[in-house]
Amino acid sequence: YGHCSLVLAHDRQEVKLTRNAAGRSSDDEVSPREKQQTNSKGSSNFCVKNIKQAEFGRREIEIAEQDMSALISLRKRAQGEKPLAGAKIVGCTHITAQTAVLIETLCALGAQCRWSACNIYSTQNEVAAALAEAGVAVFAWKGESEDDFWWCIDRCVNMDGWQANMILDDGGDLTHWVYKKYPNVFKKIRGIVEESVTGVHRLYQLSKAGKLCVPAMNVNDSVTKQKFDNLYCCRESILDGLKRTTDVMFGGKQVVVCGYGEVGKGCCAALKALGAIVNITEIDPICALQACMDGFRVVKLNEVIRQVDVVITCTGNKNVVTREHLDRMKNSCIVCNMGHSNTEIDVTSLRTPELTWERVRSQVDHVIWPDGKRVVLLAEGRLLNLSCSTVPTFVLSITATTQALALIELYNAPEGRYKQDVYLLPKKMDEYVASLHLPSFDAHLTELTDDQAKYLGLNKNGPFKPNYYR
């Protein structure tokens with residue numbers, strides 16, 4: 001849904017998209033920022049592509065709810081208590097049907113929410129419209145410019161008579177904006193919940209410098225995020241994104257995956273299952289040894305860059321694929337990113353006069369060298385799966401439930417429990433999230449006897465793992 005089809009299915013005839021000087025399609029000439037829109041209640045406290053898409057978006061949200069039973073269960077259990085009453089949450093995440101279920105759960109638990117998108121390509125316009133129609137102050141649309149991106153974040157934070165006291169972030173951009181532009185607001189925040197490698201890294205930097213003046217919860221390193229969202233979600237969505245954009249057959253293809261963390265592991269498992277020949281680059285000897293034991297060859301990117309058909313980054317770092325690498329790639333090499341940020345591939349170095357950019361499909365660019373060589377760049381180096389396809393709803397339910405519990409914990413924690421630092425989600429909470437999702441599989445846990453629990457030194461009801469377990 002919401003994607004522009006540039007190829008007719010019956011004969012694959014290419015349809016060229018008329019574009020104006022700004023690079024937009026003729027359908028997108030009017031920016032949502034220039035439109036005057038109101039929802040059915042007369043409110044204009046939002047900025048979305050088209051509020052008239054709200055009914056379609058509501059159906060998308062209802063479909064997502066069917067596979068997010070654990071989050072809905074949490075909503076029903078806690079709705080009477082309103083554990084987030086008085087919470088004013090400003091959020092910056094991907095705006096999809098799944099995150100809409102999370103946002104509406106937070107509202108049902110008593111919170112007021114204002115929301116923007118953490119990625120300029122991942123917003124589902126119809127879902128944003130449905131949230132706006134329901135009264136959520138949402139500022140996001142698919143295909144924002146960089147200026148639009150920061151404008152939307154600012155609109156969420158800067159509102160007369162409303163001041164955020166909680167932050168839910170994905171990537172750290174919102175946290176960074178509030179810290180830099182609104183220091184007085186930042187000092188009054190009661191807690192930050194962050195779910196990405198990039199955002200967590202930024203929080204630890206602030207903490208190390210002594211500049212983090214509020215407690216923060218590192219959801220990214222919770223077991224339920226690492227083992228499920230990062231691993232299983234990417235194992236399925238990497239192929240969805242690649243197939244939708246390229247139609248490439250992966251059997252026998254030479255692929256290099258940069259990074260063998262949980263995201264890299266998921267990507268490699270999927271590609272190997274299709275018969276691709278997968279190489280790994282790693283800086284960490286432990287992850288490198290895991291890759292070797294899983295049957296992958298660990299290489300330096302320079303060693304294989306001339307031979308590979310596909311390059312996938314998932315490190316959370318910057319300049320992993322440089323202009324030098326891009327210059328040496330073979331014709332028709334596919335380059336994409338599965339990390340949160342768009343810093344892994346040096347896309348800026350490709351915007352030079354000697355190279356020609358040709359948009360061939362939505363989110364697919366051919367970058368053409370003077371000798372005619374083409375590199376296929378997906379989503380301009382941004383997050384592939386959420387920019388070019390969708391992700392499994394059930395896995396996002398696990399992450400969303402974890403985020404909701406982290407917000408409840410930080411907001412309701414007695415003074416002194418959390419200092420001005422970055423914390424991991426308590427294992428008891430991790431295990432609770434997992435237990436909420438087990439009924440979907442009709443799974444039945446074995447219970448320890450008193451004697452067994454005493455032998456292991458555990459409480460029969462958990463936690464079953466120490467806090468340092470990841």
Side-chain angles (χ1 to χ4, degrees), residues 64-65 67-75 77-78 83 91 93-94 96 98-99 101-103 105-106 109 118 168-171 191-201 203 215-237 261-267 269 314 316 338-340 385-386 391-411 413 418 422-445 458-459 461-470:
E65 287 176 343
D67 213 15
M68 301 182 79
S69 55
L71 187 60
I72 298 300
S73 173
L74 177 66
R75 183 192 295 183
R77 289 186 191 188
T93 66
H94 301 283
T96 63
Q98 295 82 12
T99 50
V101 179
L102 168 61
I103 294 166
T105 296
L106 299 176
L109 300 186
C118 68
L168 177 57
D169 209 355
D170 185 354
I192 300 168
V193 175
E194 172 59 57
E195 74 151 313
S196 77
V197 173
T198 306
V200 165
H201 179 64
L203 285 174
M217 195 73 80
N218 169 6
V219 167
N220 180 72
D221 289 314
S222 65
V223 177
T224 42
K225 175 69 164 62
Q226 284 282 324
K227 298 295 184 186
F228 297 94
D229 192 339
N230 291 13
L231 176 60
Y232 299 116
C233 175
C234 294
R235 189 175 70 180
E236 298 200 16
S237 61
E262 299 301 327
V263 173
K265 288 179 176 70
C267 294
C314 40
M338 281 290 285
H340 172 83
N385 55 1
L386 279 158
V391 293
T393 298
F394 183 80
V395 170
L396 290 189
S397 173
I398 298 172
T399 300
T401 306
T402 305
Q403 290 170 310
L405 287 173
L407 286 166
I408 293 169
E409 170 66 16
L410 283 177
Y411 184 68
Y418 296 106
V422 185
Y423 293 86
L424 290 172
L425 195 73
K427 281 296 168 292
K428 185 71 174 176
M429 221 173 284
D430 249 337
E431 291 173 4
Y432 178 62
V433 172
S435 68
L436 285 175
H437 289 83
L438 289 176
S440 298
F441 300 96
D442 193 26
H444 305 275
L445 288 172
L458 295 174
N459 186 307
N461 299 315
F464 299 99
K465 294 286 192 295
N467 271 333
Y468 57 78
Y469 172 78
R470 284 177 58 191

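- Panel note: side chain T99, backbone H94; a donor-acceptor pair is recorded below 3.5 Å.
- The number of heavy atoms from other shown groups lying within 6.0 Å of NZ (K227) does not exceed 12.
- Between the S73 side chain and the S69 main chain, no donor and acceptor come within less than 3.5 Å of each other.
- The structure places NE2 of H437 at 7.5 Å from CE of M68, a figure rounded to the nearest 0.5 Å.
- Taking every heavy atom of both residues into account, N385 and C234 meet most closely at ND2-SG, 4.5 Å.
- Between M217 and M429 there is no side-chain heavy-atom pair separated by less than 4.5 Å.
- Q98 CD to I103 CD1: the interatomic distance, rounded to the nearest 0.5 Å, is 11.5 Å.
- With rounding to the nearest 0.5 angstrom, the OG1 atom of T401 is 10.5 Å from the CZ atom of R75.
- In this structure, H201 NE2 and N218 CG are separated by 12.5 Å, a value rounded to the nearest 0.5 Å.
- Using modelled atom types and a 3.5 Å distance limit, the side chains of T393 and D67 yield no donor-acceptor pair.
- The closest donor-acceptor contact from the side chain of E195 to the backbone of D169 lies at 3.5 Å or more, if one exists at all.
- The shortest side-chain heavy-atom distance between V197 and V263 does not fall under the 4.5 Å cut-off.
- Taking every heavy atom of both residues into account, F464 and L458 meet most closely at CD2-CD1, 4.1 Å.
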Item to complete: For the pair L396 and V101, evaluate side-chain contact (heavy atoms from CB on, under 4.5 Å) and give the outcome as yes or no after the intermediate values.
Response: CA-CA 10 Å; L396 290 189; V101 179; over 6 Å; no
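- Paired with N230 under the rule side-chain hydrogen bond (donor to acceptor under 3.5 Å, both in side chains), one option of K225, K265, E262 passes, and it is K225.
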Discussion item. Using side-chain contact (heavy atoms from CB on, under 4.5 Å), reason through K428 and N461 one step at a time and then give a plain yes or no.
Written reply: CA-CA 9 Å; K428 185 71 174 176; N461 299 315; 3.9 Å; yes
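- Note that OH of Y232 and CD of Q226 are 12.5 Å apart. Values are rounded to the nearest 0.5 Å.
- Nearest heavy-atom pair across A70 and S397 is CB-OG, 4.2 Å.
- Nearest approach of C233 to V395, heavy atoms of both residues: CB-CG1, 3.5 Å.
- Residues L109 and L74 approach most closely at CD2-O, 4.5 Å, considering heavy atoms.
- Under the 3.5 Å distance criterion, the side-chain polar atoms of Q403 are left unmatched by any main-chain donor or acceptor of V219.
- Counting only N and O atoms by type, the side chains of S222 and T402 include no donor and acceptor under 3.5 Å apart.
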Worksheet item: Stepwise, does the side-chain contact (heavy atoms from CB on, under 4.5 Å) test hold for D229 with N220?
Response: CA-CA 9 Å; D229 192 339; N220 180 72; over 6 Å; no
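- Between D170 and T93 the shortest heavy-atom distance is CB-CA, 4.0 Å.
- Atoms CG and OH, on L407 and Y411 in that order, are 11.5 Å from each other to the nearest 0.5 Å.
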